[in-house]
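See structure below.
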Amino acid sequence: MDGAERLRGGRAAAVRDPQLFEEFYRRHVDAVMRFVARRVDDPHTAADLTAEIFLAVLDSAHTYRPRLGSETAWLYGIARNVVSSERRRVARETERDLRISGRRLLEADDIVRIEDRLDAESPGRRVLAALARLPEGERAVMELIAVDQLSVTEAAAALGIRQVTARVRLHRARKALREDADVKAAETNPVAARTSSTEAGTPDPSLLHVARGEA
């Protein structure tokens, strides 16, 4: 029985056995922080969201089903919901001071550590920004597979969809990105674009790798 399975009791289980939750946290905190760092570029926000994700784990522990995917896939599904909720909250917020006043105070060493992680994950944030024009369903699958390195099976589990649905969305997303790469290549170098986007080059090589399925 893995850690998430043992946490199926949620907050009550964590209260009964705090060591269990601490072990689960230590095993996954780096992966969760990397996930968040690919989506935000502020250390305070990254720290807060990481903490919120593990709090959400306690409330969602009863939803974990080992047969549907790994602990990581399940965690990433929760993390996507937490990050999406934060984005919606910020979009609705009219006074920036309200958000700043609610931040946790971080020690200088914490800020440096998180800033290093944010720097390391900046390529992932660039790819995510490039995926923003895709439809929501296709973007979600592409993010988890190309950026977060989940398998199709794990991505489907994280999103709560069938594997065949995930594969169809992945295919559509890659096709759309290849077509977009061709358009950009034609704009950049019309002569080279007559061959193919793989030879012509694009303004964003990393995105082309994603479109080919190499990332």
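Here, residue 1 is the first one in the sequence, and each next residue gets the next number.
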So do the side chains of Tyr64 and Glu71 get within less than 4.5 Å of each other, counting heavy atoms only?
yes
Verdict with reasoning, Met142 to Arg169, per side chain to side chain contact (heavy atoms under 4.5 Å, CB included):
CA-CA 8 Å; Met142 197 65 163; Arg169 291 180 182 179; over 6 Å; no
Check the pair Phe35 / Arg80 against side chain to side chain contact (heavy atoms under 4.5 Å, CB included), numbers first and verdict last.
CA-CA 9 Å; Phe35 181 97; Arg80 284 194 81 256; 3.5 Å; yes
With no hydrogens and no angle check, is any side-chain donor or acceptor of Asp42 less than 3.5 Å from a backbone partner on His44?
yes
Taking all non-hydrogen atoms of both residues, which atom of Phe54 and which atom of Phe21 are closest, and how far apart?
O-CZ, 3.6 Å
Between Ile78 and Ala56 the two heavy atoms that sit nearest each other are CG2-CB, 3.7 Å
Starting from the C-alpha separation in whole Å, work towards a yes-or-no answer on side chain to side chain contact (heavy atoms under 4.5 Å, CB included) for Phe24 and Val57.
CA-CA 10 Å; Phe24 182 86; Val57 162; 3.8 Å; yes
Measure from the side-chain N and O atoms of Glu143 to the backbone N and O of Ala140, and report whether any donor-acceptor pair falls under 3.5 Å.
no
Run the salt-bridge test on Asp148 and Arg39 with the 4.0 Å N-O cut-off and return the result as yes or no.
yes
Would you give me the side-chain donor-acceptor pairs under 3.5 Å for residues 157-168, sequence neighbours excluded?
| unit_1 | atom_1 | unit_2 | atom_2 | d |
| --- | --- | --- | --- | --- |
| Gln163 | OE1 | Thr153 | OG1 | 3.2 |

d(Glu138 CD, Leu177 CG) to nearest 0.5 Å is 9.0 Å
Provide the closest heavy-atom pair for Ile145 versus Ser151 in the form atom of the first, atom of the second, distance.
CG1-O, 4.1 Å
Val112-Met33 co-clustered via ILVMFWY side chain contacts under 4.5 Å:
no
Just by modelled atom types, is the Leu134 backbone N or O under 3.5 Å from a matching donor or acceptor in the Arg139 side chain?
yes
Just so I know, are the side chains of Gln149 and Leu144 near enough to count as touching, which here means a heavy-atom distance under 4.5 Å?
no
Salt bridge Arg26-Glu22, side-chain N to carboxylate O under 4.0 Å:
yes
Is it the case that the side chain of Arg87 and the backbone of Val83 share a donor-acceptor pair, with hydrogens and angles ignored and the cut-off at 3.5 Å?
no
Return the CG to OG distance between Leu75 and Ser70, rounded to the nearest 0.5 Å.
8.5 Å
Test Val82 against Leu55 for side chain to side chain contact (heavy atoms under 4.5 Å, CB included), laying out the working first.
CA-CA 10 Å; Val82 171; Leu55 288 176; over 6 Å; no
